[in-house]
Every structure is written in structure tokens, then in C-alpha cells.
Amino acid sequence: MASHRAVLIALTALAPVSWGTTYAVTTEFLPADRPLFTGLMRALPAGLLLLALARVLPRGAWWGKATVLGALNIGAFFPLLFLSAYRLPGGMAAAVGSIAPLCVVGLSALLLGQRPTVRTLLAGVVAACGVSLVVLKAAGALDPLGVLAALTSIASMSTGTVLTKRWGRPEGVGPLALAGWQLTAGGLLIAPLALLVEGAPPTLDAPAVGGYLYLALVNTAVAYWLWFRGIGRLTATQVTFLGPLSPLTAAVVGWAALGEALTPWQLVGMALAFGATMAGQLAPAPRRKALEQKKPEQKKPERKASRRCDTMEPVECRY
């Protein structure tokens, strides 16, 4: 059972690791200043592909639920994430995003009834501090709109994660279909916004086509399938504590592929964030009262009736 759970966590972790490559692919291969078009190209082709593979459409109330989840996890999250990345200096957007575990802990308590533990709260704070050490760099004044976009994107994704856990999946529907529903709904919401704000799609060269194919297939279709699969089998808190792996991966890719140097403080931050991520995967310890309630009641040994010592004969009475 423990080995199966470890494999599940490792597979789910591949999603944020893949997302950590988004920055390098975007800056090296994709057209500049097209965040909405890039979000559209990530979401809609991946969603349509997963729908074609799953061959299952929502029914009844799930049309509304899939639209809500698609808006929170994809439609609002993607544009806000790119907007914050363009307007905030350095890795500030990632630093703001590192509070996601704490947001999910609070929302899980409110919507799922999962009371946070001291260990979970402490791990969330350590993860935020570690990511901040990795991504923050000297920069000028912060842009209020960029900060608001970053905070709203985290609130949107955190709410979508918790609601995905609360609503689960319809009977007979797997994570492939659930991911397809949300990506398609989110992509359809981004499409008119991208057309209105950014105009017609740009001309794409071969590297851009390859970059968009990677984002749509690996970075989005496979990654979100693994992510929603993990949400269905792990707690919302465990899943969101894998999020810091994304900026850590971005830092490693920048060092290995883009020639960016890693300072000693960044290495310390990586160690802190990774340790907090591992701590967030530990199963919560069972509470003492719950254990006591599960213990079978032990019957008290019946006390044998003792012989009355009401005679005048000199006999020994033992009680």
C-alpha cells in the first residue's frame, strides 16, 4: 500500500515538474507578448484531444460543474498567471504563487471539513520561504495590477483544486474525461478574450510550432490528466504541496539549459521548499480520540461473589 501511494505521488508530481519548463519554452521558442494566445494554445487543443480519447461528455449538473472548474483551473488561471508574469519583476509571480498550499489548507477546512494541523501550516510557510529564496531577485517597484493578478490566479486555482476534490467525478468517468472537460471549457472561455485583446493569431515558425505542440501535449494534456488523477486519490493538501516543484524545476532548467547561475541562497531555498513538499505528503497522524473510539470495549471481569462471613465458625474469608 505504501509503495502504491509513493508511485501515485511521484506520477502526480510530474505535472508541476512539467509546468516548471513552461517559462523556458515560452521565452525561447514562442512569440513574445502573446499570453492569451499561448494560454489558448495550451488549453483548447489539449482539451479536445482528451475529449476525443475519453469519448465521454458531461451529463446533467456536470455541464455546470465542468464549466465552473474549467473557468477556475484553466480559463481564469492561465490568463492571470501570464499577466502577472509579464507585469511583475523577476520571480515575484512564482513567489506569490508559493502561498497556494496555505490557500488550499484554508479552503479545505472551509469546504471539505479538513482541520489543518500545525505540521501542515508550518510546511506551507517553509515552502513559501524556500520558493521565495529561489525565485526572488533584485527588482524595482512592484506593479499593483501584477500582484493582484498573481493573487487572483492562486485563489482561482486553489478554489478549483478544492472543488474538484469535493465534487469528485461522476460514476464511470475517469480523470482523462474530467481533464478534457475542464481544458475544453477553459480554452473556449479564453478564445474570445484572446481575439479581442490580442487580435489575429501570429505567424508561427517551426520552433514556435514545436513549442506549442509540447505545451499542448506534454505540458497540458498529460500533465493535467496526472494532476486531476492525483486530486481524485490524494488529499487536496497533499496535491497542492507538490506545487513548489514547479518553480524549483524552472530554476534547475534555467541553470542547466539557459546558463543561469544558482546562488548559495537559492540552493538553501530549494532544499527548504523540497523538504516542505515532502513533509506535505506525509499522511496525517490519526487522532487519539479517534483511536480510542475504534478500540473495542474490554469487558470488565466479573467479580465472583464471595462467601459471606457471617458464621461464628473460625473459617478463613478471602475477598
Side-chain angles (χ1 to χ4, degrees), residues 12 15-16 18-20 22-23 26 35-44 46-47 62-88 91-112 124 127-128 131 143-168 178-194 197 215 219-220 223-224 227-228 230-232 235-237 239-247:
T12 308
S18 171
W19 299 334
T22 303
Y23 175 78
T26 301
L36 291 174
F37 179 75
T38 298
L40 174 63
M41 292 300 292
R42 284 188 66 188
L44 192 56
W62 268 97
W63 282 103
K65 291 181 179 180
T67 302
V68 171
L69 294 177
L72 291 171
N73 290 325
I74 309 297
F77 176 68
F78 278 9
L80 289 169
L81 180 67
F82 281 111
L83 177 61
S84 64
Y86 274 94
R87 298 187 70 96
L88 291 179
M92 178 58 70
V96 175
S98 65
I99 67 172
L102 295 176
C103 291
V104 170
V105 167
L107 290 171
S108 295
L110 182 64
L111 300 178
L112 303 179
V131 171
D143 180 78
L145 181 59
V147 173
L148 179 61
L151 291 173
T152 308
S153 69
I154 295 308
S156 178
M157 184 66 170
S158 299
T159 304
T161 299
V162 175
L163 285 179
T164 301
K165 184 64 180 180
R166 179 173 180 174
W167 289 340
L178 184 64
W181 297 349
Q182 297 187 45
L183 288 168
T184 302
L188 291 175
L189 290 173
I190 297 174
L193 184 62
V197 176
L215 289 183
N219 188 272
T220 303
Y224 272 91
W227 186 252
F228 291 127
I231 291 177
T235 67
T237 302
V239 172
T240 197
F241 263 104
L242 296 174
L245 294 176
S246 180

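Note that this is a predicted model, so its numbers are computed, not measured.
- Between L151 and I99 there is a side-chain heavy-atom pair separated by less than 4.5 Å.
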Exercise. Show your working on side chain to side chain contact (heavy atoms under 4.5 Å, CB included) between W167 and L69 and close with a plain yes or no.
Key: CA-CA 10 Å; W167 289 340; L69 294 177; 3.8 Å; yes

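- Rounding to the nearest 0.5 Å gives a distance of 9.0 Å between CZ of R42 and OG1 of T38.
- Taking CG from L107 and CG from L112, the interatomic distance works out to 8.5 Å, rounded to the nearest 0.5 Å.
- Distance check, rounded to the nearest 0.5 Å: NZ of K65 to CG of L163 gives 10.0 Å.
- Of all the heavy atoms in I74 and Q182, the pair that sits closest is CG1-O, 3.7 Å.
- Considering only heavy atoms from C-beta on, L178 comes within 4.5 Å of T164 through its side chain.
- Here the side chains of L44 and L183 are not in contact, with every heavy-atom distance at 4.5 Å or above.
- The heavy-atom pair separating S158 from C103 by the smallest distance is OG-CB, 3.6 Å.
- Taking each heavy atom of Y224 and N73 in turn, the nearest pair found is OH-O, 4.0 Å.
- Residues S108 and V162 share a closest heavy-atom pair of OG-CG2, 3.9 Å.
- The two residues L242 and P16 come nearest to each other via the heavy atoms O-CG, 3.3 Å.
- Of the possible donor and acceptor atoms, one in the side chain of T22 sits under 3.5 Å from a partner among the backbone N and O of W19.
- Using the six-membered ring where Trp is involved, W62 and W181 have ring planes that are tilted, between 30° and 60° apart.
- By the 4.5 Å heavy-atom criterion applied to side chains, M41 and L215 are not counted as neighbours.
- Heavy-atom minimum distance, F77 versus L72: CB-O, 3.5 Å.
- When atom types are taken as modelled, the side chain of S156 and the backbone of T152 share no donor-acceptor pair closer than 3.5 angstrom.
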With a cut-off of 3.5 Å and sequence neighbours excluded, list every side-chain donor-acceptor pair involving residues 186-193.
none

